[in-house]
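These notes are about the structure you will find just below.
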Amino acid sequence: MGALARIEPLLALALAGLWISPLLFAGWAAFHDPSAAVGFDLSAPWTLDNFRTAWAGAPWPRYFLNTFLLVTTVLIGQFVLCTLAGFAFAQVAFRGKDTIFALVLLQLFILPEVLIVENYRVASALGLLDTILGIGAPYMASAFGIFLMRQAFKSVPKELDEAARIEGCSLLGTLWRVYVPAARPTYLAYALVSVSTHWNNFLWPLIATNSDSTRPLTVGLSIFGAPENGVDIAVISAATGMAIAPLLVAFLVFQRQFVQAFLRAGIK
Amino acid sequence: MSDPAEMMRRRRAVHGWLLLSPALILLATFAFAPSAMTVWTSLFSRGTRRRPSEFVGLETYQRLFDDPAFWTVAWNNLLYAAVTIPVSMALALTMALWANARMPARGFLRTAYFTPTMLPMIAAANLWLFFYTPGFGVLDQLVTGLGFASVNWLGQPETALWAICAVTIWKEAGFFMIFYLAALQTIPPDLEEAASIEGASRLAYTRRVVLPLLAPTTLFIAVNATINSVKLIDHLFILTKGGPSDASKLMLYYIWENAFAFFDAPAAAAATVLVLAALGGLAAFQFRVADRRIHY
């Protein structure tokens, strides 16, 4: 007991150090001359040159804008579609509901990532290739989101619903005035999970885009860092740092909310 | 006309379907129709300019099964799953136990463990490139510093897949940790007190009391980790591109390559069907077995 209890905190800290070391190394390298970064010359002077080189090497403002538009489009689509569908599943009784719900849940396993071949054809047939909407569309009717909203709406007290109906609210009016406000924490959680997922998504955006006017950050970063381009590792570190900074800073500031969001989204 | 109750019921049904229709249309367009079309595509030959594609039945599947590369990739993916799932789960549990115990710098521990979750896989790959690159990578400098020969971690078949696994484990362990952490926090502290009064060691308490209570969480994480072992392949694009000689190639990358680099849609479709079948099996397991024990 004694020895184990004494070394445990050290082990925990060592693992934590190991876990953030890739970030720390890259962070350090990003601010140093490439040759110093490679040689781990700890006395080398700090510099912003890598960021200048990286910034000049690719249309980053465009990539940032595209990623921003993408996560916003996906989030709005998901909010609208999952709210309507989740509400139907939670509070409207009709025949066939359970079968449809099971079908929807199946999508948790038919991952959009796996269907890239045919989704490419679908997007192409609909004229959605190389558009932000095209990157976002396969993710909007998310089974996960529908499930999440259904659970949230189910826990709204029936009395509130009835009171609104007596006041003369329509079905959509009740949804908007009673259910949506009551589910606010779930929306926040879903938003955080959705934004971080789509900020980081890569494979489908890679396939669905073919110009810098739609490419999100992840795809831009992969092209920028491709070995064919011969960019050195300090510059890649700087570019990587730029690409992850907004989300990472948001996470470090609102850490509790992020972790709660992932939990709420996962366990429900 | 019919009775009012029947009218009400019909109205509700119309409302229900109207509310569902936008989501159902999109699901049909980007999930159900593509799944069916994948099966369809896999049954036709690859069309060229001179020869249009024609129905070939299961020939493409036969072609896949005759291709040693397919088996290499399938085997790699099984190994990838067999390594990343248990290791990341065990690490997640260890992290959660530590982050939940009375420890110094507990907040720092949680942040450090969880941070990789917030990074795109592409960025994670770039960070790890820094470790793996021969000559000046951190790992190589450590190894040569200790007097061993330089190792090209990503460039040789013996180590490439392991290097890929390490990045995946690093990326997902902290994510799984938070589910364990949440479950741990629901265990009443009296249990630990009772166990220590009974004279049980902490190890025994963890094994006999904590682990069984965490079983539903473990199942939930296991299903997610299995899905991830299909899905998490982005780092291949940066680190190895599946090489050297397919040693680190995983199924989804193989599908991507067939479809978008070799333009062999039927082969990609046939491989996709196999993956969908595997995921369907997982879904059946989840609904049949797991849902009886897990309460969402």
Side-chain angles (χ1 to χ4, degrees), chain A residues 1 9 12-13 16 19-20 22-23 25-26 29 38 81 84-85 87-88 92-95 97 100 104 106-107 109-119 122 137-138 140-141 146 171 196 200 202-203 207 218 221-222 225 233 236-237 240 243-244 247-248 251 255 259 262-263 266-268, chain B residues 12-13 15-16 19-20 22-23 26-27 29-31 34-35 37-38 41 98 103-105 108-109 111-116 118-123 126-131 133 136 138 178-179 182 201 230-231 234 237-238 252 255-256 259-260 265 268-269 272 275-276 279-280 282-283 296:
Chain A
M1 160 92 199
L13 278 174
W19 237 237
I20 53 168
L23 264 173
F25 274 120
V38 167
L81 292 175
L84 295 178
F87 182 57
V92 185
F94 59 94
R95 206 186 296 166
K97 189 167 88 165
I100 298 288
V104 168
L106 204 60
Q107 199 245 356
F109 293 88
I110 310 178
L111 314 168
E113 283 79 9
V114 178
L115 293 173
I116 46 177
V117 183
E118 295 302 325
N119 272 346
V122 171
M140 285 179 185
I146 294 173
L171 193 65
S196 31
N200 295 342
F202 171 72
L203 187 60
I207 294 164
T218 46
L221 182 63
S222 80
I233 205 129
I236 291 183
S237 296
T240 308
I244 62 177
L247 195 61
L248 198 61
F251 164 67
Q255 208 182 131
V259 170
F262 278 102
L263 270 179
I267 295 217
K268 278 228 163 154
Chain B
R12 273 210 307 265
H15 283 156
L19 287 168
L20 283 183
L26 271 190
L27 275 177
T29 314
F30 290 103
S35 307
M37 279 157 59
T38 307
T41 305
W98 280 340
M103 285 242 177
F108 165 72
L109 292 183
T111 311
Y113 296 152
F114 187 75
T115 299
M118 298 306 296
L119 306 178
M121 207 62 189
I122 287 291
N126 279 342
L127 302 182
W128 280 78
L129 204 54
F130 204 68
F131 272 69
T133 309
F136 57 80
V138 178
I178 61 168
F179 298 107
S201 71
V230 174
K231 198 165 77 168
D234 295 353
F237 284 85
I238 299 281
L252 190 52
I255 291 173
W256 172 82
F260 298 100
T272 305
V275 172
L276 284 178
L279 289 172
L282 183 69
Y296 277 107

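Below, chains carry the letters A, B, ... as their sequence lines are ordered, and counting in each starts from 1.
- Atoms CZ and CG, from A/Phe94 and B/Leu19 in turn, are 8.0 Å apart once rounded to the nearest 0.5 Å.
- Contacts of B/Pro116 with chain A are made by side-chain atoms alone, with heavy-atom separations under 4.5 Å and no backbone atom involved.
- Looking at A/Leu221 and B/Asn126, their side chains come closer than 4.5 Å, going by heavy atoms from C-beta outward.
- A pairwise comparison of heavy atoms in B/Leu252 and A/Val114 identifies CD1-CA, 4.0 Å as the closest pair.
- Heavy atoms closer than 4.5 Å to chain B are found in the side chain of A/Leu248, but not in its backbone.
- Residues A/Leu13 and B/Leu109 have side chains in contact (heavy-atom distance under 4.5 Å, counting atoms from C-beta outward).
- Between A/Pro22 and B/Phe131, the closest side-chain pair of non-hydrogen atoms falls below 4.5 Å.
- Across A/Leu247 and B/Met118, no two heavy atoms sit closer than the pair CD2-O, 3.5 Å.
- Contact annotation for B/Met103: only side-chain heavy atoms (C-beta onward) come within less than 4.5 Å of a heavy atom of chain A.
- Rounding to the nearest 0.5 angstrom, the gap separating the CD1 atom in B/Ile255 from the CG atom in A/Leu203 is 10.0 Å.
- Only the side chain of B/Phe260 comes within less than 4.5 Å of a heavy atom in chain A; its backbone stays farther off.
- Listed by chain and number, the residues in a side chain to side chain contact (heavy atoms under 4.5 Å, CB included) with B/Ser35 are A/Ile110, A/Leu115, B/Leu276 (sequence neighbours excluded).
- Side-chain atoms of B/Thr38 and A/Val117, non-hydrogen and from C-beta on, never get closer than 4.5 Å to each other.
- Scanning both residues, B/Pro34 and A/Glu118, for their nearest heavy atoms gives O-CG, 3.5 Å.
- Annotation: the span from A/Ile116 atom CD1 to B/Trp256 atom CH2 amounts to 9.0 Å, rounded to 0.5 Å.
- Chain B forms more heavy-atom pairs under 4.5 Å with one residue of A/Ala26, A/Ala29, A/Ser196, A/Ala137 than with any other, namely A/Ala137.
- Pairing each heavy atom of B/Arg12 with each of A/Val92, the nearest pair is O-CG1, 3.4 Å.
- At a threshold of 4.5 Å between non-hydrogen side-chain atoms, the residues B/Phe30 and A/Val122 count as touching.
- Between A/Phe251 and B/Phe114, the two ring planes are tilted [angle within 30° to 60°].
- Take A/Ala141 and apply the side chain to side chain contact (heavy atoms under 4.5 Å, CB included) test, not counting sequence neighbours, and it matches A/Leu81, B/Ala23, B/Leu26, B/Leu27.
- The part of A/Gln255 that comes within reach of chain B is its side chain, from C-beta onward, which places non-hydrogen atoms under 4.5 angstrom from that chain.
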*Verify side chain to side chain contact (heavy atoms under 4.5 Å, CB included) between B/Phe108 and A/Ile20, making sure each step is shown before the conclusion.*
CA-CA 11 Å; B/Phe108 165 72; A/Ile20 53 168; 3.9 Å; yes
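- Both the backbone and the side chain of A/Ala93 come within contact range of chain B, each with at least one heavy atom under 4.5 Å from a heavy atom of that chain.
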